Number of protein chains: 2
Amino acid sequence: MKTDQKTGKRDSYHHGDLRTQLIEAARVLVEEKGPEQFSVSEACRIAGVSTAAPYKHFKNKEEMLQEVCILGMHRQRAQMVEEVSPHAPGTLDRIVALGRVYVRFAQEEPGVFRLMFGFANENDDDEALKELGHGTFTLVQQEVAWCRGSDEINAQDIQRAFLLWSFVHGLSFLRIDGKLSKVDLSIDIESTLTEIARRVLTDEVPAD
Amino acid sequence: MKTDQKTGKRDSYHHGDLRTQLIEAARVLVEEKGPEQFSVSEACRIAGVSTAAPYKHFKNKEEMLQEVCILGMHRQRAQMVEEVSPHAPGTLDRIVALGRVYVRFAQEEPGVFRLMFGFANENDDDEALKELGHGTFTLVQQEVAWCRGSDEINAQDIQRAFLLWSFVHGLSFLRIDGKLSKVDLSIDIESTLTEIARRVLTDEVPAD
DNA sequence: TACATAAGTTAGAAACTCTTACTTTGACAA
DNA sequence: TTGTCAAAGTAAGAGTTTCTAACTTATGTA
């Protein structure tokens, strides 16, 4: 079952773990060359199988990338849950933590991040993907409600959560697109996130 | 020189206006099928030339798409200048107008909008593109400074302009990616933009 | 042990990008 | 008016790529 890392040659006809390894190869390639440049052929070369092999495991290229997406969203979600946990519920710190994870994930895995968006639209959105995305957004809404001192999410909470999402989403893209370097001065992400959370979630914003 | 729209046949060997028509065909295709699905071959079919013809005018596919980008940025810029003009300098209305153009452009030309970003990064950013993008951002910075009652752009203005940019950028993407439909309630763009401009540019934000 | 099936392979069709070598044509100088 | 050159087409094809079809090998279970 083992695959020789150097030659890609296997010691048995069957690979044993091809599906998983193809997804991992795809993830690495998407990160290295960007989602657009990714090719199934190259993933096959890495995994050491013929170019027809993936089609026993995935309907097509899109479905392969979709799996990369889904794993990415799970990682993002896990990081959010992890990073929020040290902070007391109902504090702005938790909101800031969520934003920090979002921006950091985009920074650390720009290829997968790009794939996660700008991909959903192309495909008629797989149900699993939709569910995942919605779940994460609900998480944010809940935090906003807690900040307001309530367990119930109301319309205004959703609006505000959406404002926060828009902001970190844009910030993430502008960063990985290198637009931040155009802004001559360095922007401190942490204080920017805090500033935004304050301005969006507080009704009275104190003068700077 | 004329090209028969139906058959794509020309009445002369030379096309006469191929470069321009290829760019226009590319724009349409990018809009119809998305930037990823665009193919030079298809643009050739529309223009009624052989698949080798474009290479007399463009280095490669990328360069062709880059022209689509540049024209898009010019359109966006023109709309901004247009939409800002009726409002008195130094008013929030002008900031809101800029945001409205940004979001509307993304809505009306999602293909080109997507191309404009997520493309710049791939290519080592053509100088013309860089210059264009920077120019538009400077426009926003100037408006922010005026809101503050000064002609000079200071560090804080740049920061705030960047916050505004991040926001409308994220909002635009989330909209065209259909994430807004996840938010069960409808978000009114105009009032959202006003709300954001107020929260980002005002030092005292009145209670809702 | 037999054998159905899962999971590989080879071969190849269809599409795409881009190059090379050739052809047509318009423009301009003599 | 005519000769020539460069610009802008074409045809042909090399090299990739995605995906399918038909075939082969291994595995797990009756």
Side-chain angles (χ1 to χ4, degrees), chain A residues 1-5 7-26 28-30 32-69 115 119 122-123, chain B residues 1-4 7-26 28-30 32-69 111 115 119 122-123:
Chain A
M1 303 291 184
K2 277 163 203 159
T3 306
D4 185 327
Q5 290 303 63
T7 64
K9 291 277 168 57
R10 304 187 294 290
D11 57 4
S12 90
Y13 186 87
H14 287 290
H15 186 288
D17 192 28
L18 184 54
R19 190 186 148 88
T20 309
Q21 284 197 30
L22 279 175
I23 295 173
E24 174 59 11
V28 170
L29 287 173
V30 160
E32 278 177 359
K33 320 209 166 181
E36 332 247 316
Q37 302 306 316
F38 166 74
S39 84
V40 175
S41 319
E42 201 160 357
C44 289
R45 260 170 255 137
I46 292 178
V49 293
S50 74
T51 59
Y55 298 93
K56 298 291 174 184
H57 299 277
F58 308 96
K59 200 173 117 253
N60 52 26
K61 180 180 177 177
E62 303 301 304
E63 197 175 287
M64 207 165 145
L65 286 175
Q66 199 163 86
E67 296 302 316
V68 176
C69 263
L115 198 64
F119 193 71
E122 305 271 339
N123 308 345
Chain B
M1 302 292 184
K2 278 164 202 157
T3 305
D4 185 329
T7 64
K9 291 274 168 58
R10 303 187 293 291
D11 57 4
S12 90
Y13 185 86
H14 287 291
H15 188 288
D17 193 29
L18 184 55
R19 190 187 147 87
T20 309
Q21 284 197 29
L22 280 175
I23 295 173
E24 173 58 12
V28 171
L29 287 173
V30 160
E32 278 176 359
K33 320 209 167 179
E36 334 245 317
Q37 302 305 316
F38 166 74
S39 85
V40 175
S41 318
E42 202 161 356
C44 290
R45 258 171 259 137
I46 291 178
V49 291
S50 74
T51 59
Y55 298 93
K56 298 290 173 184
H57 299 276
F58 308 97
K59 205 175 112 250
N60 53 28
K61 179 179 177 177
E62 304 300 306
E63 198 175 285
M64 208 164 144
L65 287 174
Q66 201 164 83
E67 296 303 317
V68 176
C69 264
L115 198 64
F119 193 70
E122 305 271 338
N123 307 345

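Side chains included, hydrogens not; waters and symmetry mates left out as well; all remaining heavy atoms used. Computed from a predicted model, the values in this text were never measured in an experiment. Residue numbers begin at 1 in each chain, while the letters A, B, ... track the order of the sequences.
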*Between D:dG9, D:dT20, D:dA12, spot the one nearest the side chain of B:Ala52, thanks.*
D:dA12
*Taking C-beta and beyond as the side chain, do A:Val68 and A:Met64 meet within less than 4.5 Å on heavy atoms?*
no
_Looking at B:Lys61 and B:Phe38, would you say the former's side chain and the latter's main chain have a donor-acceptor pair under 3.5 Å?_
yes
*asked:* Nearest heavy atom decides the nucleotide; on that basis, is B:Asp17 or A:Glu42 closer to the 5' end of DNA chain D?
replied: B:Asp17
*What integer distance in Å separates A:Gln37:CD from C:dT17:P?*
12 Å
*Between atom NZ in B:Lys61 and atom P in C:dA15, what is the gap in whole Å?*
16 Å
*Determine: side-chain N/O of B:Arg45 to OP1/OP2 of C:dC16, distance under 4.0 Å, yes or no.*
yes
*Reckon A:Ser41 has a side-chain N or O less than 4.0 Å from the OP1 or OP2 of D:dT18?*
yes
*A:Ser50 side-chain N/O to C:dT10 phosphate OP1/OP2 under 4.0 Å*: no
_Among C:dT10, C:dT17, C:dG8, the one nearest B:Val40 by side-chain distance_ = C:dT17
*asked:* Rounding to an integer number of Å, can you tell me how far B:Glu63 CD sits from C:dT17 P?
replied: 15 Å
*Value in whole Å for how far the C1' atom of D:dA22 lies from NZ of A:Lys56*: 9 Å
*asked:* Could you tell me if the side chain of A:Ile46 sits less than 4.5 Å from the side chain of A:Leu29, heavy atoms only?
replied: yes
*Of the non-hydrogen atoms in A:Leu115 and A:Pro35, which two are nearest, and what is the gap between them?*
CD1-CB, 3.7 Å
_Heavy-atom nearest nucleotide on DNA chain D for B:Thr51 versus A:Tyr55: which residue maps closer to 5'?_
B:Thr51
*Between C:dT19 (C1') and B:His57 (NE2): distance, integer Å*: 16 Å
_Nearest heavy-atom neighbours spanning A:Glu36 and B:Glu36_ = OE2-OE2, 3.0 Å
*Just how far, in rounded Å, is C1' of C:dT17 from CZ of B:Phe38?*
11 Å
*Taking atom P of D:dT10 as reference, at what distance in whole Å does atom CG of B:Leu18 sit?*
8 Å
*Atom CZ of A:Phe58 to atom P of D:dT20: distance rounded to whole Å?*
15 Å
